[in-house]
Structure formats: C-alpha cells, structure tokens
Enquirer: 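First the structure, which I've put down as structure tokens, then a few questions once you've had a look.
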Amino acid sequence: MEKRTLGRSGLEVSVVGLGCNNFGGMKASLDLEGARAVVFAALDAGITLFDTSDSYGIAGGSEITLAAALGDKRKDIVLATKFASPLNRDRDSRYNGSRGYIMKAVEDSLSRLKTDWIDLYQYHFPDPRTPIEETLRALDDLVKQGKVRYIGCSNLPGWQLVDAAWTSRHHGLHRFVSTQAELSLLARGAEKDLVPAIAAANMSLLPYFPLASGLLTGKYRKGAALPADSRMAMPYFQRGMTDQRLDTVERLIAFAEARGRSVLELAMSWLVGRPAVGSVIAGATRPEQVRANAASVGWVLTAEELAEVDAITGS
Ligand code: NAP
C-alpha cells in the first residue's frame, strides 16, 4: 500500500484509509463484531489511517467501537478523530471551536478512544463565532501537551483554509496539515476553488463520500432492484440516487469495463490521482469491501482517459 505524507508534515498515511462513521450507531451501523472484522481486514490490507469523530454513532459510539475493535493495534495506526459538534447545543451557533469546548472535547475523545494521544485531531465544521486564532491556539497547546500529534480541519471554505494557514504562520502555531471535503466522480464541486486553496495552504485533502455512499461501486444499476442490506436501500440515502447520477454511473461503468477495469477502480484511482489528495477515506460494512477498496487504486489514468472522464462527469 502506497503511503503519503499529509501537508508539509511527517505524518505518513496509507493512500487508502478507512472511514468509520458507520460504527456504533443506529440499527444499520456496525456493532463491535462487525467493526472488528472490517478493521482487521483494513489492517491486513495495509491501511493505516482510521478516521472517526466524536459525533459519529450514538454518544461517541464510533470512537468507542473503533477503540474496542483495534485493541493493541491502536499503537500501529494513525488515529484521526474530530471535534466541534456538541451534542447539547447551548449556544446559538451549531458548531463550537472555542478553547473551553476543545479542552473538554479532547479529554472525552481520549477517554472513549482509550488512548493517550490522537494522531490527527480535526476541526469538523467551522464555528462562525470563534476566531480561527483561538481555535488554533487551543490546538497548538494540545500538540505541546502531547495529547495531539497533528491537527487538521474539515468543511472549511477555501478562504478560511488560507486564513488559518496564514494565522498559524504569523503566530508560530502548529498548522492544519489536512482538510476533509466531499469529492468524488459524482461530486466535483470542490475542484474549482477548494482544491487550489488546499494547495496554496500546503495541506492535503482527505476526500469524503469518495464512493458517493456506494453509488460508485457498481452495485447500483439503473432499473435494477436495490441490493438488500445496502446503504441506498435506506430511504434517507435514496435522495442521493437521482436518475442523472445513475445515468452518469452507467457511463462510468461502460468506460471502466471497456478498459478491463471496474467502476470502483475508476472512482478510487481517479481520486488518488487528484492534486493534493493524501488519503481516500472510504467507509465499508464488510471485510471484502475493504479488501476491494484497498486493491482498487492501481490505475494511473492517461490524459486522454482523464479528459473522457471529465466529459462523462460534466466537469
Ligand atoms: P463512502 O465511502 O462514499 O461509502 C461507503 C459505503 O459504500 C460503505 O459503508 C458501504 O455501504 C458501501 N461500500 C464501500 N465499499 C464498497 C465496495 N467495495 N463494494 C460495495 N459497497 C461498498 O461514504 P462514507 O463512508 O459515508 O464516507 C467515508 C468517510 O468519510 C466516513 O466514514 C467518514 O470517516 C468521512 N466523512 C467525513 C465527513 C466530514 O464532514 N468530514 C462527512 C462524511 C464522511 P453499504 O455496504 O451499506 O452499502
């Protein structure tokens, strides 16, 4: 498995990561046994980056389940989690990046994760009320205390990424090495402004929803019944499965199959080849999915192939 460093840092991660937002939650999510099977398949495939959040699952259920599934293996991996989404919203902004909030959130995550340190601590959503300097200073203190090794962010607009990078540099604070944003063959909006801002801020991108919740795995076909036990079989997710998206998927499947490849290989390899991408944090509900995802990044698309993909995806 190829490794990449994030931003301008020594933090090395596998180019395919494991997204853990489906651990420890409602009925459709993975319990400990299911999570353990997925986590060990990921470790066996050479995946080192595991991404969770204090807000995934029920009452920190994703962090708790991931820690229990990893056991002793925790020391061998890059553990990434997030803060900023209070369960009880007692102020008028939905997200919280204030010093007081961060100091409590990190202790709660460390306790749920059963660890003394977090490898990558990410600011999940921007809090419009807290100046970025306050958030960065609090995170800088956590790095100095050894509770956190690197800091990252998520869902920040491009201007704020560059502002955060400049603020860190100006004040001599630790910098965000990465950011998360949605990017896939079915959601390319980040490419216009955000990806250039990520490069300008010397960060790496961890694209989320890389498989468009499974639409880009080839298991959903236009006119065919939805596979049972799949995410799209849940009504909440079906709004992401428009006719237009299914048409695009059919064209991507034909494009990949004409070259002896799968649409999964296309979706993952295309992302790995995008500027600034550090690791593709795909989620999985079964060990065979992780194995397939880990093995899907070997296709280096030619300029002609990339142009054809642009034509299909309308970018
Ligand atoms: P995703 O990676 O696009 O889709 C994952 C889902 O697709 C799996 O749970 C599985 O669902 C299906 N799947 C995956 N591999 C497959 C394969 N090889 N064959 C068939 N089906 C397959 O979406 P995601 O997991 O929601 O997002 C990835 C990660 O990004 C999350 O886990 C989380 O860590 C992160 N994230 C971050 C943010 C943020 O705001 N920063 C937001 C969203 C997500 P089924 O088996 O149930 O069909």
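In this chain, numbering begins with 1 at the start of the sequence shown. Every number for a ligand or one of its atoms is a count from 1 in the order of the listing.
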Enquirer: Considering only NZ, NE, NH1 and NH2 on the basic side and carboxylate oxygens on the acidic side, decide whether E308 and R259 come within less than 4.0 Å.
Expert: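 Looking at E308 and R259, the cut-off is met.
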
Enquirer: Is any NZ, NE, NH1 or NH2 atom of the basic residue among D141 and K147 found under 4.0 Å from an Asp or Glu carboxylate oxygen of the other?
Expert: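 Salt bridge: no.
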
Enquirer: Within a distance under 4.0 Å of any heavy atom of L264, pick out the atoms of ligand 1 and give their elements.
Expert: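 The list of qualifying atoms is 18 (N).
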
Enquirer: Return yes when atom CG of D76 has more than 12 non-hydrogen atoms of other residues, nucleotides or ligands closer than 6.0 Å, and no otherwise.
Expert: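 More than 12 heavy atoms, drawn from other residues, nucleotides or ligands, come within 6.0 Å of this atom.
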
Enquirer: Please state which protein non-hydrogen atom is closest to atom 15 (N) of ligand 1 and give its distance, to 0.1 Å?
Expert: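 For this ligand atom, the closest protein heavy atom is N293 ND2, 3.0 Å.
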
Enquirer: Measure the distance from atom 13 (N) of ligand 1 to every protein heavy atom, then report the residue, atom name and distance (to 0.1 Å) of the closest one.
Expert: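 The protein heavy atom lying closest is Q289 OE1, 3.5 Å.
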
Enquirer: Taking all non-hydrogen atoms of both residues into account, name the closest pair between S53 and E63 and its distance.
Expert: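 For S53 versus E63, the nearest heavy atoms are O-CG, 3.6 Å.
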
Enquirer: Just need the protein heavy atom nearest to atom 27 (O) of ligand 1, so name the residue and atom and give the distance.
Expert: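 Checking every protein heavy atom, the shortest distance to atom 27 (O) of ligand 1 gives F209 N, 3.6 Å.
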
Enquirer: So which protein heavy atom does atom 34 (O) of ligand 1 come closest to, and at what separation?
Expert: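 Result: D51 OD2, 2.6 Å.
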
Enquirer: Taking the minimum heavy-atom distance to atom 33 (C) of ligand 1, which of Y208, F237, F125, Y56 ranks first?
Expert: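 Nearest heavy atom to atom 33 (C) of ligand 1 lies in Y56.
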
Enquirer: With heavy atoms of S154 as the reference, note each atom of ligand 1 found under 4.0 Å away.
Expert: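 Selected atoms, number and element: 39 (C), 40 (O), 41 (N).
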
Enquirer: Tell me, with the steps shown, if T130 and Y101 meet side chain to side chain donor-acceptor pair (under 3.5 Å).
Expert: CA-CA 11 Å; T130 303; Y101 181 81; over 6 Å; no

Enquirer: Please find the pair of heavy atoms, one from T179 and one from N155, that lie closest to each other, and give the distance.
Expert: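 Between these two residues, the closest heavy atoms are OG1-N, 4.2 Å.
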
Enquirer: Please list the nearest protein heavy atom to atom 4 (O) of ligand 1 with its residue and the distance rounded to 0.1 Å.
Expert: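 For atom 4 (O) of ligand 1, the nearest protein heavy atom comes out as S213 CA, 3.4 Å.
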
Enquirer: Counting from 1, what ligand 1 atoms have a heavy atom of C20 closer than 4.0 Å?
Expert: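 Counting atoms of ligand 1 from 1, those under 4.0 Å from C20 are 32 (O), 34 (O).
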
Enquirer: Do side-chain atoms of S178 reach the backbone of G152 as a donor and acceptor pair under 3.5 angstrom?
Expert: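 Side chain of S178 to backbone of G152: no pair is present.
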
Enquirer: Identify the two heavy atoms, one from R149 and one from V143, that lie closest to each other, and give their separation to 0.1 Å.
Expert: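 Shortest heavy-atom contact: O-CG1, 4.0 Å.
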
Enquirer: What protein heavy atom sits nearest atom 28 (C) of ligand 1, and how far away is it?
Expert: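 Atom 28 (C) of ligand 1 sits closest to the protein heavy atom I281 O, 2.9 Å.
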
Enquirer: Short N/O distance, under 3.5 Å, between L211 and ligand 1?
Expert: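 Between L211 and ligand 1, an N or O pair is found under 3.5 Å apart.
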
Enquirer: Is there side-chain contact between K144 and D140, with at least one heavy-atom pair below 4.5 Å?
Expert: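 Side chain of K144 against side chain of D140, heavy atoms only: contact under 4.5 Å found.
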
Enquirer: If we only consider heavy atoms of F50, is any one of them less than 4.0 Å away from an atom in ligand 1?
Expert: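 The answer is no: ligand 1 sits nowhere under 4.0 Å from a heavy atom of F50.
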
Enquirer: Between D116 and K75 (salt bridge meaning N to carboxylate O under 4.0 Å), is one present in this structure?
Expert: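 Not counted as a salt bridge, because no side-chain N and carboxylate O are separated by less than 4.0 Å.
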
Enquirer: Can you list the atoms of ligand 1 that are under 4.0 Å from a heavy atom of N155?
Expert: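 The list of qualifying atoms is 39 (C), 40 (O), 41 (N).
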
Enquirer: For atom 5 (C) of ligand 1, tell me which residue out of P210, G283, A233 has the closest non-hydrogen atom.
Expert: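 Among P210, G283, A233, the closest heavy atom to atom 5 (C) of ligand 1 belongs to G283.
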
Enquirer: What about the rings of Y121 and Y150, do their centers lie closer together than 6.0 Å?
Expert: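 No, they do not, as the ring centres are separated by 6.0 Å or more.
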
Enquirer: So for ligand 1, is K82 a polar contact partner (N or O within less than 3.5 Å, distance only)?
Expert: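 Between K82 and ligand 1, no N or O pair is found under 3.5 Å apart.
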
Enquirer: Kindly indicate whether the side chain of S85, heavy atoms from C-beta on, has any atom under 4.5 Å from the side chain of Y95.
Expert: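 S85 reaches Y95 side chain to side chain.
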
Enquirer: Out of all atoms in ligand 1, which are within 4.0 Å of some heavy atom of Y220? Include the element for each.
Expert: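 This gives 48 (O) as the contact atoms.
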
Enquirer: Minimum distance, heavy atoms only, to atom 26 (O) of ligand 1: which one of R291, Q122, H124, R231 is it?
Expert: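 Among R291, Q122, H124, R231, the closest heavy atom to atom 26 (O) of ligand 1 belongs to R231.
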
Enquirer: Kindly confirm or rule out a cation-pi arrangement of R239 over F237, judged by NZ or CZ under 6.0 Å from the six-membered ring centre and within 45° of its axis?
Expert: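 That pair does not qualify as a cation-pi contact.
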
Enquirer: Record the part of N21 in heavy-atom contact with ligand 1 below 4.0 Å; permitted values are side chain, backbone, both and neither.
Expert: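 Within the 4.0 Å criterion, N21 contacts ligand 1 through backbone and side-chain atoms alike.
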
Enquirer: Show which atoms of ligand 1 fall inside a sub-4.0 Å distance from at least one heavy-atom site of N22.
Expert: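 By the 4.0 Å cutoff, the relevant atoms are 9 (O).
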
Enquirer: Can you figure out which of K219, R286, M232 has its heavy atom closest to atom 45 (P) of ligand 1?
Expert: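 Considering heavy atoms of K219, R286, M232, the nearest to atom 45 (P) of ligand 1 sits in K219.
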
Enquirer: Can you list the atoms of ligand 1 that are under 4.0 Å from a heavy atom of G214?
Expert: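 So the answer, numbered in order with elements, is 4 (O), 7 (O).
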
Enquirer: Taking only heavy atoms of T285 into account, list the atoms of ligand 1 that are under 4.0 Å away from them.
Expert: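 Listed by number with element, the hits are 9 (O), 11 (O), 45 (P), 46 (O), 47 (O).
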
